[in-house]
Amino acid sequence: MNYWLFKSEPDAFSLDDLKAMKGKKDHWDGIRNYQARNLMRDDMVKGDLGFFYHSSCKVPGIVGVVEVVKEAYPDHTAWDPEGKYYDPKSSPDNPRWVMVDVKFRQKFSEVISLQKLRTVAKLDGMVLLQKGSRLSIQPVGKTHWDTIIKLSA
DNA sequence: GCCAACGTTGGC
DNA sequence: GCCAACGTTGGC
């Protein structure tokens with residue numbers, strides 16, 4: 001059982017958007033960073049849980065929890081020349097990018113803001129809080145996970 | 001909108 | 001394989 005953090009701009013795709021999807025699930029497409037891809041492809045398994053993080057918005061922070069319900073498979077949005085995630089170097093024969101499916105699990109009663117997270121000593125070392133960190137899929141340690149879940153209660 | 005930090009690209 | 005130039009991310 002692994003824990004993760006999924007970053008998304010709520011203007012593009014929010015936790016509420018996920019909740020509103022059929023089956024409350026969707027594919028996590030558009031990842032175009034090798035480190036993030038490798039985490040999804042190599043380490044993410046069905047049943048893993050992840051925080052849903054809202055970035056580039058008024059109050060950046062963790063808004064809820066999602067579950068990985070399908071493991072990595074080719075990201076077909078890379079093959080659409082009209083799409084904004086098009087990558088000519090990816091093809092069905094040789095897919096360069098992958099995605100997973102995630103399902104809505106929980107929305108916190110209030111956002112646990114980045115500002116708040118920075119004040120919690122137990123979260124020292126969390127990838128999200130490291131300077132210059134902009135990885136869009138991040139691993140979260142169990143201790144950090146539990147600490148944040150407690151904060152949400 | 002600014003800008004620091006980071007990843008990627010491509011010439012050499 | 002180095003590294004300068006460029007594009008992107010994301011908090012503020």
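From a predicted model like this one, the values you see are computed outputs, not experimental measurements. Each chain gets a letter, A, B and so on, in the order its sequence line appears, and its residues count up from 1.
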Asker: Run the side-chain donor-acceptor check on residues 110-123 of chain A: report pairs under 3.5 Å with partners two or more places apart or on a different chain.
Answerer:
{"unit_1": "A/Ser113", "atom_1": "OG", "unit_2": "A/Lys116", "atom_2": "N", "d": "3.0"}
{"unit_1": "A/Arg118", "atom_1": "NH1", "unit_2": "A/Leu129", "atom_2": "O", "d": "3.3"}
{"unit_1": "A/Thr119", "atom_1": "OG1", "unit_2": "A/Lys116", "atom_2": "O", "d": "2.6"}

Asker: Listed by chain and number, what are the salt bridge (Lys or Arg N to Asp or Glu O under 4.0 Å) partners of A/Lys107, not counting sequence neighbours?
Answerer: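 Expected list: A/Asp16.
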Asker: Within residues 53-63 of chain A, which residues have any heavy atom lying less than 4.0 Å from an atom of DNA chain B?
Answerer: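 Those residues whose heavy atoms fall under 4.0 Å from DNA chain B, taken from residues 53-63 of chain A, amount to none.
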Asker: Not counting sequence neighbours, list each pair that qualifies as a ring pair (Phe, Tyr, Trp, His ring centres under 6.0 Å) and has a residue in residues 101-152 of chain A.
Answerer: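 Those involving residues 101-152 of chain A are A/Tyr3-A/Trp145, A/Phe51-A/Trp145.
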Asker: Under 3.5 Å, which donor-acceptor pairs do the side chains of residues 64-71 of chain A form with other protein atoms, sequence neighbours left out?
Answerer:
{"unit_1": "A/Glu67", "atom_1": "OE1", "unit_2": "A/Arg105", "atom_2": "NH1", "d": "2.7"}
{"unit_1": "A/Glu71", "atom_1": "OE2", "unit_2": "A/Lys46", "atom_2": "N", "d": "2.8"}

Asker: Taking heavy atoms of chain A and a 4.0 Å limit, find me the 5'-most and 3'-most nucleotide of DNA chain B within that range.
Answerer: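 Result: B/dA5 to B/dT9.
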Asker: Under the salt bridge (charged side-chain N to carboxylate O under 4.0 Å, His left out) definition, can you give me all pairs with a residue in residues 51-61 of chain A, not counting sequence neighbours?
Answerer: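 Every candidate salt bridge (charged side-chain N to carboxylate O under 4.0 Å, His left out) pair involving residues 51-61 of chain A fails, so no pair, neighbours aside, qualifies.
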Asker: Assess the side chains of A/Trp79 and A/Ser91: does a donor N or O sit below 3.5 Å from an acceptor N or O?
Answerer: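 Note: A/Trp79 and A/Ser91 side chains miss the donor-acceptor criterion.
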Asker: For DNA chain B, find the residues of residues 129-138 of chain A with a heavy-atom distance under 4.0 Å and give them by number; none if there aren't any.
Answerer: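 Residues of residues 129-138 of chain A that come under 4.0 Å of DNA chain B are, in numerical order, A/Lys131, A/Gly132, A/Arg134.
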Asker: Taking side-chain hydrogen bond (donor to acceptor under 3.5 Å, both in side chains) as the test, write out the residues that go with A/Arg37, two or more places apart.
Answerer: none
Asker: Does anything in residues 15-39 of chain A form a ring pair (Phe, Tyr, Trp, His ring centres under 6.0 Å)? List the pairs, not counting sequence neighbours.
Answerer: A/Phe6-A/Trp28, A/His27-A/His76, A/Trp28-A/Phe52, A/Tyr34-A/Trp97
Asker: Does anything in residues 136-148 of chain A pair up under salt bridge (charged side-chain N to carboxylate O under 4.0 Å, His left out), and if so which pairs, sequence neighbours excluded?
Answerer: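 Every salt bridge (charged side-chain N to carboxylate O under 4.0 Å, His left out) pair that includes a residue of residues 136-148 of chain A, provided the two are not neighbours, is A/Lys142-A/Asp146.
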Asker: Return each pair, listed once, that meets salt bridge (charged side-chain N to carboxylate O under 4.0 Å, His left out) where at least one residue sits in residues 72-82 of chain A; pairs must be two or more places apart or across chains.
Answerer: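 Passing the test, one end in residues 72-82 of chain A: A/Arg32-A/Asp75.
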